[in-house]
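Single-structure report; data block below.
Proteins come first, then strands; the chains are lettered A, B, ... in the order of their sequence lines, and each starts at number 1.
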Amino acid sequence: MSVPYAKLPGWAEYGLIPLVNLAVAFLISGLVVLIVGESPLEAAYHMVNGAFGRGEYIGFTLYYTTTFIFTGLAVAVAFHCGLFNIGGEGQAYVGGIGVALACLAFDRTLPWYLVFPIAIVGASLFGALWALIPGWLQAKRGSHIVITTIMFNFIAASLMNYLLNRVFKPLGSMSLETRTFDAGGQLPKLDWLMSIFGLSVGSAPFNISFLLALVAAFGVWVLIWRTKLGYEMRTMGHSPAAARYAGIKEARIIVVTMMISGGLAGMMALNPIMGEQFRMQLDFVQGAGFVGIAVALMGRSHPAGIIPAALLFGMLYQGGAEIAFEMPSISRDMIVIIQGLVILFAGALEHMFRPAITRLVLGLTPATRATVTKGA
Amino acid sequence: MDVFQVFIELAQSTVRVSTPLILAALAGLFTERAGVFDIGLEGKMLGGAFAAGCVAYVTQSVAMGLLAAVLVSVLLSLVHGYASITQRGSQIVSGVAINFVVAGSTVILGEAWFRQGGRTPALSADGRFGTITLPFADSLREVPVLGPLYSGLLSGHSLLTYLAFLMVPASWWVLYRTRFGLRLRAVGENPGAVDTAGISVIWLRYRAVICCGILCGIAGAYLSLAANAGFTKGMTAGKGYIALAALIFAKWRPTNILFACLLFGFLDAFAIRYQSFAFPLIGKVPVQLMQALPYILTVILLAGFIGKAIPPKAGGVPYVKER
Amino acid sequence: MSELAIELKGIDKSFGLVHANRDINLKVRKGTIHGIIGENGAGKSTLMSILYGFYQADRGTIEIDGRKVDIRDPNAAIAAGIGMVHQHFMLVENFTVLENVMLGAEESQILNAGITKARAELKRLEKEYALEVDPDAVIEELPVGLQQRVEILKALYRKADILILDEPTGVLTPAEADHLFRILGQLKAEGKTVILITHKLREIMAITDAVSVMRRGEMVATRVTKETSVEELAELMVGRRVLLRVEKGEAKPADIKLSVKNLTVRDSRGVTMVDDVSFDIRAGEIVGIAGVAGNGQSELMEAISGIRRAASGSVTLAGRPVDVTGHADPAELRKRGLAHVPEDRHHVGLVLPFEESENAILGYHDDPKYRNGFLLDIDAIRADAEEKIAAYDIRPPNARLKTANFSGGNQQKIVLAREMERDPQVLIIGQPTRGVDVGAIEFIHKRIIGMRDQGKAVLLVSVELDEIRALSDRILVMFAGRVVGERTPDASEGELGLLMAGVEGRKEAAE
């Protein structure tokens, strides 16, 4: 009797409840818009229009989606192993080193399709390394991973500041960024994909790393539900004692999981660095690592949920820019509020509406009480 | 400038930088000793600083500003309490959420109300905490050694700074010498024992969370009403996390908190003042390393390389009556 | 003034779909020791939790001393003069005895005033009831027997007239239990009323005045202890005659399959939990380890199965050494033919949120037959699980059902099927029937004997002495980490009880 709630049918569990939680988060955001003296409906219109109104807007939306798929997957993978990796921000930031090194070394000699794989390896390697230390400390020394990864976000910020200042900044430059990459360090846009739907990508930086994100999502699904490693991770996540009993090497799984998680977060760096800016700038992550927490919670740590959740946040980020443009009193910080509210209602308060919904749903369909099976 | 003068100046700014850390870390002490982990210190402090900035400007009253800071911070604490105590949600997730909501809404509301790029308007002297000059500070200034120590280091801080330092023994006394403190420490270790003793776990934890809100509010008010003349966007700049680090570094004990905060405050003050200071033997240390040092030290401590930090046993776990 | 201390009328309580208490009526006379007996899960603890205000009954009334009272929380229970000693002690481990006793009864906002008073009162109680404990000792440094004393002191300090003890002897040695019973007798002499919850018939017969029997959430009978018998109570408890002896033939021990030599295991704090233990188990025999819970049995099993590292000693499995002091690996040992049914199936033997089929491979998930190249072969895993479901009559027969939705008995069968169907050489099995319904107990016992008859070496650990005696071919008794004696299963209960208390053992060592 470990589950205090009656079992709901799949559509309610994985559809209705997240939707209700999301709706409440949006309602409260609407209230903030009202307080500011603007019309929430108008804001919503600008948001949707700004995110999907034109091919270019959709391109931007999907550009942000790409970023959030990576960071969302990163958080989700760790969740399955019972680890709360709050350090996606720092891991993505440090992952940027791998991308920058690959591009700076080869952008003038190799074509992008050769630099890209090197950069993928570099990004995930550096991201993984940055997650390795907290993982190792948790596994071997029992340090609380939440605290360590928070600390590592700050340490990463200082480290990157130092590196951009002392190592990456070209001589004589004032701004904290690398030089701009040549053709080999620039990922092609996915205009062909957009043109299938009769849309034009315009100036949007919607690039090939989107496809990499989809592949990563599929890869995570295979990893978690179809491999021995994933099985061991989930065992650890649910019951460390059972994992020990089953001969699963606890320390190894924690470290490996954190490295996979950090690697995924690190890959996020490909999108802005090689896909948009063609250089590594100070603070290029811009909170995407934290958005990953919201995305993973929203998407119930399942790739099939993470992709739509990432799209939602992509929409918020792109549409939010449009709102800021059309309604000057609402800046893009509005997204941060919505993000916080989504984390609150989809995460910490996820069960708040469950009793009411359970009563409602089971009242409507009493037959569902009898057969209880777990949805995949 | 002689070494002693340098020392006094550094100590003075250490005290100033440490003040909000001490308040916030003590805030965390109350809730975490009661078994509710809180990584939302940052958000509550920021919310408090914003409320203080707004209300002090509108009312031109520093007292109203302080009150508003405390109210907003307590309100945020209650949200955290509702999520993690009543709804038994994840305390980490709730803390993260609150940090975001506050980070966003202070900017949006500040911009909507004052249109100064997320700032609140600069406060006049009435809307701020002035510095308090201790008796005879001026006349004693010339006394060798003790004079500068008294008038340069002890005197000349805001009321909230003195309050923060007083809160250290006060918190100790509350936690270890009162009924409330005994129960609070008990509920962070074994809520079952508290429940069976006929004490409401929920109400007790709510009270702890409210204490946390009050102290975070004061810390926020210090930032916008004492250290600065008004609120600026994101002005906590990670102080809430440093306070959290200090709390862990202090192994959840009031006296240690004082020293941890002074240490972290010193590192910060030093990094700000002596960006290109060359240490003997080591040479120049990058300012970024100095800034990262509190976090690095906390990681090392948490890993048990220098002592062991053992958190309250029931921390982070919502209380469910067992079946 | 009523002559009844407690009267419960029509108490009813459900948790979701589980009906824990059905229309319970109970009368407890003042100044008596009243036993409440029933199997695990019969609803005893729920009923007492209602009486203590931990839960609210859905229906029914509670009368204390003839007056109807509304017990909404433990506070109301304390005010009504009820004290409770919980099965899992409700103590703050890093607090002192004094702080624990005071908690919730501090008298004033500031502690100092209360402390002197509490000290004096503790002294008085100590004298009156022979409950000596150092008030300044920290709980985590006290042995369990003393921790329990602190719990009793807590209740008395709050002026309890009615004391409820929930399975108080589970963690005690017989000697400690005897001391507890003397204390209870004294309390009764002082006019206090004691309610003793237990599933041990012997205790009921030894000290109670009256006994009520619960079965599946219902109160099935109340008897005056002197007028009833163990046999009658046992039958009332389970609802039909139980097989006190399991049918089994003569054992045919063959080669040594498991050999343990001078094994010493320490826990994380460095306390010696298993102390220089040696024994052999041969193919085709069941060796039972008897002992009060917490005397090193768990650590012994964990060390042999590679979960916990041993400090010194050696283990040989089917003739080959096991690196118990170094890198013994549970997965590796499984491959070498060591099957292990752990004591705690909820947290160790199973992953409750997993599908049944996922649990059916736990620990064996490395087996190539579940693999399809790099990936797990889900079809093979489910097919395999369905075979086991059929063979062990696991219900409901659904390999995709979440394991948490199976009953205790069926969950245990999932573990047994997984561990037994592997043709192991050695089977280690801990608390095979804990929290398992009666029907499944028989099934499980037969399977264990079946393993023996197939020529497996079986190491059985159980805190149920009856179970040990019924199944084992040889019995080892553990006390304080040492094997203090070996007996045949026809050794008397009293003899084994003395060994379990460490009495005989100490004598043997002294001579």
Side-chain angles (χ1 to χ4, degrees), chain B residues 29 32-35 85-86 88 90 169-208 211 251-254 256 304 308-315 317 319-323, chain C residues 13 15-16 18 20 41 43 45-46 49 52-56 71-80 82-96 98-115 118 139-140 147 150-151 154-155 157-158 164 166:
Chain B
L29 177 71
E32 300 210 346
R33 281 309 284 261
I85 302 168
T86 307
R88 298 181 199 137
S90 158
S171 301
W172 176 86
W173 186 79
V174 169
L175 281 178
Y176 292 93
R177 286 292 178 266
T178 68
R179 184 174 86 175
F180 173 61
L182 180 78
R183 293 177 172 189
L184 186 142
R185 286 183 292 127
V187 82
E189 292 290 329
N190 184 358
V194 170
D195 197 356
T196 50
I199 308 161
S200 161
V201 171
I202 291 181
W203 172 225
L204 190 53
R205 285 193 165 163
Y206 265 108
R207 278 186 289 169
C211 289
K251 304 177 184 181
W252 292 269
R253 289 173 196 284
N256 292 357
K308 187 89 188 138
I310 301 162
K313 210 174 283 169
V317 191
Y319 179 57
V320 185
K321 285 184 183 184
E322 64 180 314
R323 274 216 44 203
Chain C
K13 176 74 182 172
F15 294 99
V18 181
S45 291
T46 301
S49 294
Y52 193 65
F54 231 48
Y55 303 127
Q56 305 302 302
I71 300 180
R72 337 181 124 262
D73 53 27
N75 232 344
I78 293 166
I82 301 173
M84 184 151 175
V85 175
H86 295 262
Q87 190 177 359
H88 305 287
F89 301 150
M90 294 296 178
L91 297 169
V92 182
E93 297 212 325
N94 60 355
F95 277 19
T96 62
L98 190 72
E99 285 175 314
N100 268 292
V101 170
M102 282 178 74
L103 184 69
E106 301 90 343
E107 308 267 327
S108 67
Q109 289 289 343
I110 292 162
L111 291 181
N112 268 341
I115 286 177
I139 296 294
E140 57 198 352
Q147 294 188 8
V150 178
E151 283 281 46
K154 267 168 71 179
Y157 185 78
R158 286 164 174 73
I164 305 168
D166 190 0

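Residue pairs that meet the side chain to side chain donor-acceptor pair (under 3.5 Å) test with at least one member in residues 172-185 of chain B, sequence neighbours left out, are Arg33(B)-Tyr176(B), Arg183(B)-Glu106(C).
Comparing Leu103(C), Ile115(C), Ile110(C) by how many heavy-atom pairs each has under 4.5 Å with chain B, the most go to Leu103(C). Taking chain B as the reference chain and counting heavy-atom pairs below 4.5 Å, the highest number among Ser45(C), Ala155(C), Ser108(C) is found for Ser108(C). Options Arg158(C), His86(C), Met102(C) differ in how many heavy-atom pairs under 4.5 Å they form with chain B, and the most are formed by His86(C). Among Gly104(C), Ala76(C), Gly114(C), Ala79(C), the residue making the largest number of heavy-atom pairs under 4.5 Å with chain B is Gly104(C).
Residue contact with chain B, scored on non-hydrogen atoms closer than 4.5 Å, involves the side chain of Tyr52(C) exclusively. With a 4.5 angstrom heavy-atom cutoff, Ser49(C) does not touch chain B via any of its atoms. Contacts between Leu91(C) and chain B at a heavy-atom distance below 4.5 Å involve the backbone alone (N, CA, C, O). Neither the backbone nor the side chain of Asp73(C) comes within contact range of chain B; no heavy atom of the residue lies under 4.5 Å from a heavy atom of that chain.
With rounding to the nearest 0.5 Å, the separation of CD in Glu140(C) from NZ in Lys313(B) is 5.5 Å.
When the heavy atoms of residues 198-206 of chain B are compared with those of chain C, the residues falling under 4.5 Å are Gly198(B), Ile199(B), listed by number.
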Would you sort out whether Leu182(B) and Glu99(C) count as a side-chain contact (heavy atoms from CB on, under 4.5 Å), showing the intermediate values? CA-CA 8 Å; Leu182(B) 180 78; Glu99(C) 285 175 314; 3.9 Å; yes
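For the side chain to side chain contact (heavy atoms under 4.5 Å, CB included) criterion with Thr196(B), the lone passing option out of Glu151(C), Met84(C), Met90(C) is Met90(C).
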